[in-house]
Number of protein chains: 4
Amino acid sequence: MRTQELREFSPRKTPVQARSGVTVEAIQEATIQVLLEHGRERLTTTRVAERAGVSVGTLYQYYPNKRALLFSALEQHLSRVGDAVERACREQLHQPLEPMVKGVVEAFVDAKMERTDISLALYSIASELDGEVLVRRIGTRGRNALATMLETAPGVRFENVQFTVMMMFAAITNATRAVLESGASPKMVRMLRRELVLLCHGYLACSGTPKLE
Amino acid sequence: MRTQELREFSPRKTPVQARSGVTVEAIQEATIQVLLEHGRERLTTTRVAERAGVSVGTLYQYYPNKRALLFSALEQHLSRVGDAVERACREQLHQPLEPMVKGVVEAFVDAKMERTDISLALYSIASELDGEVLVRRIGTRGRNALATMLETAPGVRFENVQFTVMMMFAAITNATRAVLESGASPKMVRMLRRELVLLCHGYLACSGTPKLE
Amino acid sequence: MRTQELREFSPRKTPVQARSGVTVEAIQEATIQVLLEHGRERLTTTRVAERAGVSVGTLYQYYPNKRALLFSALEQHLSRVGDAVERACREQLHQPLEPMVKGVVEAFVDAKMERTDISLALYSIASELDGEVLVRRIGTRGRNALATMLETAPGVRFENVQFTVMMMFAAITNATRAVLESGASPKMVRMLRRELVLLCHGYLACSGTPKLE
Amino acid sequence: MRTQELREFSPRKTPVQARSGVTVEAIQEATIQVLLEHGRERLTTTRVAERAGVSVGTLYQYYPNKRALLFSALEQHLSRVGDAVERACREQLHQPLEPMVKGVVEAFVDAKMERTDISLALYSIASELDGEVLVRRIGTRGRNALATMLETAPGVRFENVQFTVMMMFAAITNATRAVLESGASPKMVRMLRRELVLLCHGYLACSGTPKLE
DNA sequence: CATGAATGAGGTTTCATTCAT
DNA sequence: TATGAATGAAACCTCATTCAT
């Protein structure tokens, strides 16, 4: 079952010739463009292919179905963000809470703001693919990295790290989303960064219990 | 334009007869059921009508189109939650931060947990209707009530209440969503309540500046 | 599994209004017409609907998919033929071999020749649907009736009636097919009748062993 | 018109190199395999090429189109069977009816049973290519050989040999098909042989009229 | 000669919506 | 008013075939 699900999304062929690499990228970019211009409801495989300058048939040589196309777009984005968060977490191991929070928040916000168009476009399909195994797995990666990091924070212990992390994650992602959806002016992004650090640090400070080492 | 948009969603006829009231309710309930059972992608007007025990024709007598149907379901739910939050805000005017937060969080979580099935079902259509005027307006109501309340908190002042509220709101709604989507066991809901209060209060305490009165 | 298979072919809705009865018949007739005019390869649901004077949508209200459409055409025809054979078999119970064979052959050939166009058209789809449960079941009906009849023939016994019947059935159906496919002129049909009786009776006479009663 | 038709099916190039011979054979074998595994509906040129270990392009170097591919598979098989029958007929010239029938039936059944997989696979495409000139011509070969043979049978004359042969042929081919499709166990094949001889001989004995020489 | 990426017409199927009954 | 048969645009997807590399 799981294998089948995974196969449903795995790309159909690995491009061996040079030109197909170009094609795949064109399709991926076109997916985002169409998503932003027409919205998820009106995103059709034909429109994406057209936008990418190829035929539908070509699109279907690389993606077995529409969901796989959307999935791939989402996955790539979430992976990038996940990577950024993981890296930040690794860098802040054993640091005090404050720099920890700061590092992670900056990494996340930066990653999201790098291509606001993509970030925005993908919110609309995230809900559609929410149930998917891989999507969940990717989301989990970030949370696990956070949990691991928090457990190395000196002088503080969290009763239920998983839950704490979930709370923090929910706050970070959704606040960022709200800012993105209301335009993401530089000023707002600056405020977002500052306030997210405040919010997360405040929460962790209250939620954790002192630990003797 | 806006008038037109608003008209597009308003129910076609006001149910004056007793029978119509029953029918409309049946359709609304059916919408939720179908949403939960088949998912948004496979929600069809025919299926909803069938589930409600009426014909498609009848459905179209009460809703001008499918979006109006979904919209109405979402609106009703959001209104209920919005009302609860507004009431809580009114009750906590001029209270200290802690009870304020506690009151609002409890009101929100309670409202969401009253019918977890509905709450869950509607997440899938929220993104679809996200751009709609009315939906935004409803979301705004809660935030305004929160802002108004916060400004009556004794001894503390917020530089940019709108932003602060937005942050808090984002955290509250998304954490609740995460809990709902992972099953919403009584234990988790209890933790959610407690941690949300911690998180919000921590944030507000950090974010606000002392105020001389 | 079997239930699912059966459902795949069962008509989608039972026509309750008068007009739909007409529609279904028009679609069935159109299926045959298109089959004859364009061949199975070029039979498309759109073409059938067009020919029937309805829209594709209407076609799909009565048949869940293309296979069901073809299946229904085949089933109706085979049932009719099967009925004729069964009736003939019942009428010849306990008769001597000669009238038995005559009765069955006549019944079969008559049934097939009643609408040579339909008979011909369906050969092309029979192979496609050959594996299907119901098709097999219908074919079995005729053979069972034949076997039952043969076992009541006075003074003769067959070692392996099933096999004997299969042989006879294969000969009858395929010879009829050959005649149909080469034009089925009245003269040929007359010869077919006579020779089939000869062939079957000759075979049964050789194949059976005398039985003391 | 006819010339064009014939050209449509002829292989595009005559395999002169050793390698090509291997390739063509691989493709033919792959055609059968795919036919058996996926069925005619899902037989695609790409799949056949893949299975044969070559690219689609290569396939199209040897066959001008898909029909030609199927046609060639069918033709080869039918030729082989036709050869066997012709040979048997030649060997039984001027023999009495009984050995004639025996010889032909054995030859036919043996030829069909040599590769039951191929025989089975081809039934599904026979109907599709039924109208083709060459296919018909091949079928005719066997019947002509049979007719020629029967006319040399001592002491018996057939009023309409063509028709008689057609009947016999229909019985032989379809009974064999039925046995193949129900598994073709050794025991069944043995019975098929015996009963076909009975059936054909019985028929010819009844159908023919004594002849003075 | 072989490859396999690209094509795009055309197939099947769905479903929001209308309207005669 | 309620019904549900009919509509048909439009979606997804396949696959025979070509041709630049």
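Letters go in sequence order (proteins before strands), and every chain restarts at 1.
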Undergrad: With sequence neighbours left out, write down each residue that passes salt bridge (Lys or Arg N to Asp or Glu O under 4.0 Å) with C:Glu29, or none if nothing qualifies.
TA: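 Partners of C:Glu29 by the salt bridge (Lys or Arg N to Asp or Glu O under 4.0 Å) criterion, ordered by chain and then number, come out as C:Arg115.
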Undergrad: Quick one: salt bridge (Lys or Arg N to Asp or Glu O under 4.0 Å) partners of A:Arg136, sequence neighbours excluded?
TA: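 Residues passing salt bridge (Lys or Arg N to Asp or Glu O under 4.0 Å) with A:Arg136: none at all.
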Undergrad: Within this structure, what is the CG-to-C1' distance between C:Asn65 and E:dT12, rounded to whole angstrom?
TA: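 That distance rounds to 9 Å.
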Undergrad: Does C:Thr58 make a side-chain N or O approach to OP1 or OP2 of F:dA5 shorter than 4.0 Å?
TA: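 The answer is no; no side-chain N or O of C:Thr58 sits under 4.0 Å from OP1 or OP2.
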Undergrad: For D:Arg51 and E:dG4, what is the distance between atoms CZ and P respectively, to the nearest whole Å?
TA: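 Going from CZ in D:Arg51 over to P in E:dG4 covers 18 Å.
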Undergrad: Measure CG/A:Leu70 against P/F:dA11 and give the value in whole Å, please.
TA: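 Those two atoms, CG and P, are 14 Å apart.
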Undergrad: Atom OH of C:Tyr62 and atom P of E:dT13: how far apart are they, to the nearest Å?
TA: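 The distance from OH of C:Tyr62 to P of E:dT13 comes to 18 Å, rounded to the nearest Å.
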Undergrad: For C:Arg51, which residues count as a side-chain hydrogen bond (donor to acceptor under 3.5 Å, both in side chains) partner, sequence neighbours excluded?
TA: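 Checked C:Arg51 against side-chain hydrogen bond (donor to acceptor under 3.5 Å, both in side chains); matches are C:Glu37.
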Undergrad: Is DNA chain F part of any stem, that is, at least 3 consecutive Watson-Crick or G-U pairs with both distances under 3.5 Å, and where?
TA: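 Stems for DNA chain F, defined as runs of 3 or more consecutive pairs: E:2-21 with F:2-21.
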Undergrad: Let's go through A:Tyr62 and A:Leu69 carefully: what are the C-alpha distance in whole Å and the side-chain angles of both, what is the deciding distance for side-chain contact (heavy atoms from CB on, under 4.5 Å) to 0.1 Å, and is it a yes or a no?
TA: CA-CA 9 Å; A:Tyr62 297 102; A:Leu69 178 67; over 6 Å; no
Undergrad: Tell me, please, which residues at least two apart from C:Ile125 pass side chain to side chain contact (heavy atoms under 4.5 Å, CB included).
TA: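 C:Ile125 satisfies side chain to side chain contact (heavy atoms under 4.5 Å, CB included) with C:Leu35, C:Arg40, C:Leu70, C:Leu74, C:Leu122 only.
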Undergrad: Quick one: list whatever passes side-chain hydrogen bond (donor to acceptor under 3.5 Å, both in side chains) with A:Gln76, sequence neighbours left out.
TA: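 Partners of A:Gln76 by the side-chain hydrogen bond (donor to acceptor under 3.5 Å, both in side chains) criterion, ordered by chain and then number, come out as A:Gln28.
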Undergrad: With A:Glu25, which residues qualify under side chain to side chain contact (heavy atoms under 4.5 Å, CB included), at least two apart?
TA: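 Partners of A:Glu25 under the side chain to side chain contact (heavy atoms under 4.5 Å, CB included) test: none.
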Undergrad: If I take atom CZ in residue D:Phe71 and atom P in nucleotide F:dA16, what distance separates them, rounded to the nearest angstrom?
TA: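 Atom-to-atom, D:Phe71 to F:dA16, this comes out as 19 Å.
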Undergrad: Could you work out, with side chain to side chain contact (heavy atoms under 4.5 Å, CB included) as the rule, every residue matching D:Val54, not counting sequence neighbours?
TA: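 Here the qualifying residues are D:Thr23, D:Ile27, D:Ala49, D:Ala52, D:Thr58.
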Undergrad: Can you tell which of F:dT17, F:dA5, F:dT3 lies closest to the side chain of B:Val56?
TA: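 Of the options given, the side chain of B:Val56 lies nearest F:dA5.
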Undergrad: Closest to the D:Gln61 side chain: F:dC13, F:dA6, E:dC1?
TA: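 Among the listed nucleotides, the one closest to the side chain of D:Gln61 is E:dC1.
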Undergrad: F:dC13 P sits how many Å from A:Leu69 CG, rounded?
TA: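 Taking atom P of F:dC13 as the reference, CG of A:Leu69 is at 10 Å.
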Undergrad: Hey, which sits more toward the 5' end of DNA chain F by its nearest nucleotide, A:Gly57 or C:Val54?
TA: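 That would be C:Val54.
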Undergrad: Measure CD/B:Glu50 against P/E:dT14 and give the value in whole Å, please.
TA: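 From B:Glu50 CD to E:dT14 P: 14 Å.
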Undergrad: Let me know, please, whether A:Leu59 or D:Gly53 comes out on the 5' side of the other along DNA chain E by nearest nucleotide.
TA: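 On the 5' side of the pair lies D:Gly53.
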Undergrad: Are side-chain N/O atoms of D:Ser127 and C:Ser124 paired as donor and acceptor at under 3.5 Å?
TA: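 Short answer, no.
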Undergrad: When you look at A:Val34 and A:Glu50, which way does the side-chain contact (heavy atoms from CB on, under 4.5 Å) test go after all the steps?
TA: CA-CA 10 Å; A:Val34 172; A:Glu50 202 174 13; over 6 Å; no
Undergrad: Are OP1 or OP2 of E:dT14 and a side-chain N or O of C:Tyr60 less than 4.0 angstrom apart?
TA: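 No, outside the criterion.
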Undergrad: What is the distance, to the nearest angstrom, from the NZ atom on C:Lys66 to the P atom on E:dT12?
TA: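 Result: 4 Å.
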Undergrad: Checking contacts here: which listed nucleotide (F:dC13, F:dA2, F:dT7) is nearest the side-chain heavy atoms of B:Ser55?
TA: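 Closest nucleotide to the B:Ser55 side chain: F:dA2.
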Undergrad: If we take the C1' atom in both F:dT21 and E:dC1, what is their distance in whole Å?
TA: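 Nearest-Å result for F:dT21 against E:dC1 at atom C1': 13 Å.
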Undergrad: When you measure from every atom of DNA chain E, which of residues 37-46 of chain C have a heavy atom less than 4.0 Å away?
TA: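 Result for residues 37-46 of chain C: C:Leu43, C:Thr44, C:Thr45, C:Thr46, sorted by number.
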